[in-house]
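None of these values were measured; they are calculated from a predicted model. For ligands, and for the atoms within them, numbers begin at 1 and follow the listed sequence. Counting from 1, the numbers follow the sequence of the chain as shown.
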Amino acid sequence: MIALGSDHAGFPLKTELKNYLDSIGVEYKDFGCYTPVRFDYAIAAQKACDAVVSGECDKAILCCGTGIGISMAANKIKGIRAAACSDYFSAKYTRAHNDANCLCLGARVMGVGLAEELVNVFLTTEFEGGRHQIRVDQITAIENGEKLY
Ligand code: RB5
């Protein structure tokens with residue numbers, strides 16, 4: 001189950017991505033916003049990411065104008081590793097190397113076709129573990145207030 005969230009700027013892209021997820025048989029739950037009326041991205045980020053942290057959803061896909069504001073908000077949530085991506089390589093390797101559990105996309109940055117490709121590679125790429133697990137654990141340690149140095 002994928003948690004979706006957006007602000008008003010990301011709403012049109014999120015709507016397109018729902019059609020795409022339907023077409024590839026991926027289930028999702030939309031945590032808002034539900035109309036193109038102005039809506040602050042931090043609220044959507046927190047609602048969708050809380051569902052990932054609780055285990056209700058496996059990953060989140062968030063959309064705002066740039067993908068950046070909503071990723072900043074998402075990354076404040078303990079247990080969330082959010083990546084704002086606008087290229088295929090980054091969307092693939094943030095899964096393979098960072099075990100990202102939240103993809104953030106900019107509706108004013110990219111077209112629907114690229115966004116679909118990024119969603120597809122993000123959802124189908126496995127975390128490689130190994131040396132990358134050590135680094136992800138270090139991110140978690142920072143999150144828990146530990147010093148790495
Ligand atoms: C909304 O106008 C816009 O600022 C927001 O969607 C996003 O781009 C912020 O990072």
- Task: Can you measure from NZ (Lys14) to SG (Cys33) and round to the nearest 0.5 angstrom?
- Result: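 Those atoms lie 5.0 Å apart.
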- Item | Between CD on residue Glu143 and CD on residue Gln138, distance to nearest 0.5 Å |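 Going from CD on Glu143 over to CD on Gln138, the span is 13.5 Å.
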Hey, which atoms in ligand 1 end up nearer than 4.0 Å to a heavy atom of [X]?
| X | result |
| --- | --- |
| Gly65 | 5 (C), 6 (O), 7 (C), 8 (O) |
| Asp7 | 1 (C), 5 (C), 6 (O) |
| Ala9 | 6 (O) |

- Message: Pairing donors with acceptors under 3.5 angstrom, does anything connect the side chains of Lys18 and Tyr20?
- Response: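 The criterion, which ignores hydrogens and geometry beyond distance, is not satisfied for Tyr20 and Lys18.
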- Ignoring hydrogens and angles, state whether a donor on the side chain of Asp137 or Thr140 is under 3.5 Å from an acceptor on the partner side chain.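 Looking only at side-chain atoms, Thr140 and Asp137 do not form any donor-acceptor pair under 3.5 Å.
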- Tell me: protein heavy atom nearest atom 9 (C) of ligand 1, and distance?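 Among all protein heavy atoms, the one nearest atom 9 (C) of ligand 1 is Tyr41 CE2, 3.5 Å.
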- Message: Could you identify the single nearest non-hydrogen protein atom to atom 10 (O) of ligand 1 and state the distance to 0.1 Å?
- Response: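 For atom 10 (O) of ligand 1, the nearest protein heavy atom is Gly69 N, 2.9 Å.
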- Contact check, Arg108 vs ligand 1, heavy-atom distance below 4.0 Å: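 Yes, that is the case, since the closest heavy atom of the residue is under 4.0 Å from the ligand.
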- Lys59 and Leu123: side-chain contact (heavy atoms from CB on, under 4.5 Å), yes or no, with the steps? CA-CA 8 Å; Lys59 294 183 180 72; Leu123 294 182; 4.1 Å; yes
- Task: Scan Ile70, Leu17, Leu103 and name whichever one has a side-chain contact (heavy atoms from CB on, under 4.5 Å) with Cys63.
- Result: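 Exactly one option meets the side-chain contact (heavy atoms from CB on, under 4.5 Å) with Cys63, and it is Leu17.
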- Give yes if a backbone or side-chain nitrogen or oxygen of Thr66 is under 3.5 Å from a nitrogen or oxygen of ligand 1, and no if not.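 Indeed, backbone or side chain, Thr66 has an N or O that close.
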- Message: Quick test of your reading of the model: are Lys29 and Glu56 salt-bridged, counting only N-O distances below 4.0 Å?
- Response: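 Salt bridge between Lys29 and Glu56, a charged N being under 4.0 Å from a carboxylate O: yes.
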- Item | Within reach of ligand 1, part of His8 (heavy-atom separation under 4.0 Å) |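 It is the side chain that gets close, since no backbone atom is under 4.0 Å.
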- Sub-4.0 Å protein heavy atom next to atom 4 (O) of ligand 1: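 Under the 4.0 Å cut-off, atom 4 (O) of ligand 1 has no protein heavy-atom neighbours at all.
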